[in-house]
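Please read the structure below before turning to the comments.
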Amino acid sequence: MLHLSIKQTQEALRQKQFTATELTQAYLDRIAQTDEKLNAFVTVTADLALEQAKKADEKANFSGLLSGIPMNLKDVVCTDGIRTTASSKMLENFVPPYNAHLYDRLLDAGAILLGKTNTDEFTMGSSSENSYFGTSRNPWNLDYVPGGSSGGPAASVAGDQSIFSIGTDTGGSIRQPSSLCSIVGLKVTYGRVPRHGCIPYASSFDTGGPMTKTVEDAALVLQTIAGQSEKDATTVDTPVPDYSQFLKTDLTGMKLGLPKEYFGEGVEKEVVDTVMAGVEVLKQLGAEIVEVSLPLTKYAIPTYYLLVKSESSSNLSRYDGVKYGHASDQAKDLEEIYLKSRSEGFGDEVKRTIMIGTYALSAGYYDAFYLKAAKVRALMKREFETVFKTCDALITPTSPTLPFKIGEKADDPLSMYMSDILTTPINLAGICAMSVPAGFSQNGLPIGMQIIANQFEEGKLFHVGHAFEQATEWHKKRPIF
Ligand code: GLN
């Protein structure tokens, strides 16, 4: 029962093949048996999950979009009364007084919360090695990273510890770990899903979204969490379509672009070959394939890191040792409260963020760094708009490399930043993209294919992704660990 998709599980619940309580208990057992290896969970909410499952069984009505479906949330999604840490010592004991709006929407749809999953501290990273609670591991090979920052969510879904998870994506944090663990990960259009109650990294980039086993499941979860929210002024009143109507298997009439910059220098050959084999499948399904160019791609990494670290250094100023979060017991005066609480509470990458961001925003450097990067961002957005005048969606690799070994890039922030070269442009432009399983390397490590569409065109991602998935078997493979 732990291999089923959302749709299949709900079918089984309706036919009484098992109860929500049995299902939830099976997932909790699985977590207990496997999490020593995966380290995907920061907190397991067993009592709450069983209570929610009992209610679902009592109601015996599994018609809600997600009723009876056990899931987890990345540990930056605030949960009322349940510790939410952002995998930081700073928030090790932080218990939020309210729910993130997207969690409320999931609860309304009947989902069951198994726990909170691991991330790079404050979602800064691409491997989950920056977590205060230790690295999560890739179920396809435990010596390898599951990616990041949503490494816990990805490992937990790939390892059958949950049917789905909610991750966040600021520069690739849903898509890259999904690619590295062979699951489906959707980065939504900025403004499609409320960010209210999600601990921020960089507010003009952050998006919450589904990490699932199938494209259909991603559509179901998005259906639940999408839409304008009175609690988040950056959500948009664009209507939420019925996403199930996009789950087609024929791509006739679809024009798909291959941006040549995404297949060039720095992208491993096995990754390129696998994605190109995927493109052949798309062609056979009726899609027309064209080569396109996005020349500004080469500026994505510096532009992204300047802007994100600047926004983040400002966001992080709230952790002052006074209001909430870690407070040093060594401080003798106010200045020391700030200094020691922050020095003790934050890890290396967060400190790096504060230094880069504060520098870029400081008087005299603002115009040269922050403002310049903001202008490049606008140009990159325009470049995508132009390309989408000629094609429906773009196909690229998600990660330039195969999953890497734990420790391999840990001491080299720059090479870690390069992991995001193919995902950050999408966040800079505020558009949407999805990673789907596309194959495996010779040594059995997953490779993902990224589908990119214009803003609020998640439907096209589901269309292309579902057709591809139905024509391939990659999503059916299960890791043995
Ligand atoms: N690795 C990227 C960063 O550290 C992306 C992280 C994310 O999307 N949260 O900025």
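Numbering of ligands and ligand atoms starts at 1, following listing order.
- A ring-centre distance under 6.0 Å is found for Y319 and F122.
- Side-chain rings of F404 and Y144 stay apart, their centers remaining 6.0 Å or farther from each other.
- Ring centroid separation for the pair Y190 and F205 does not come in under the 6.0 Å cut-off.
- Using a 4.5 Å heavy-atom cutoff, the side chains of E216 and F462 are not in contact.
- Annotation: side chain of V193 is in contact with side chain of L222 (closest heavy-atom distance under 4.5 Å).
- Centroid-to-centroid, the aromatic rings of F346 and H326 stay 6.0 Å apart or farther.
- Enumerated by chain and number, the residues approaching ligand 1 to less than 4.0 Å through a heavy atom are T123, M124, G125, S126, S149, D169, T170, G171, G172, S173, Y201, Y304, Y305, D420.
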